[in-house]
Amino acid sequence: MLAMSDINCIKHLRNNKGLSISEIQRTMGINWRTAKKYADEDQLPKQKSFKKKGKMHEEKWGVIVSD
């Protein structure tokens, strides 16, 4: 997956510079379909957040084990 800065760069090249999808693909060194997807799509992809699992993450501090 591309970084948000790369996606913004693709959108800038398409909207402000008027480059074609093929020119963006060559400039950025990415797949043509990827360039097309991000250049012409209105919505930006949302970053996924992963919820950590396990006892230490589900409870506030976890269980403290004493000697």
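Both backbone and side-chain heavy atoms feed into the values below; hydrogens, waters and symmetry mates do not.
- For the salt bridge (Lys or Arg N to Asp or Glu O under 4.0 Å) condition, the pairs that include at least one residue of residues 22-39, sequence neighbours left out, are K36-D40.
- The two residues I10 and M28 have their closest heavy-atom pair at CG1-CE, 4.0 Å.
- Linking Ile, Leu, Val, Met, Phe, Trp and Tyr whenever their side-chain heavy atoms come within less than 4.5 Å puts L2 and L13 in one cluster.
- Placement of L19 and I7 within a single hydrophobic cluster is found when ILVMFWY residues are connected by side-chain heavy-atom separations under 4.5 Å, directly or transitively.
- Atom OG1 of T34 sits about 12.0 Å away from atom CD1 of I24, to the nearest 0.5 Å.
- I21 places a side-chain heavy atom less than 4.5 Å from the side chain of R14.
- Between the OH atom of Y38 and the SG atom of C9 there is a distance of 14.0 Å, given to the nearest 0.5 Å.
- Residues that satisfy the side-chain hydrogen bond (donor to acceptor under 3.5 Å, both in side chains) test with N16, not counting sequence neighbours, are H12.
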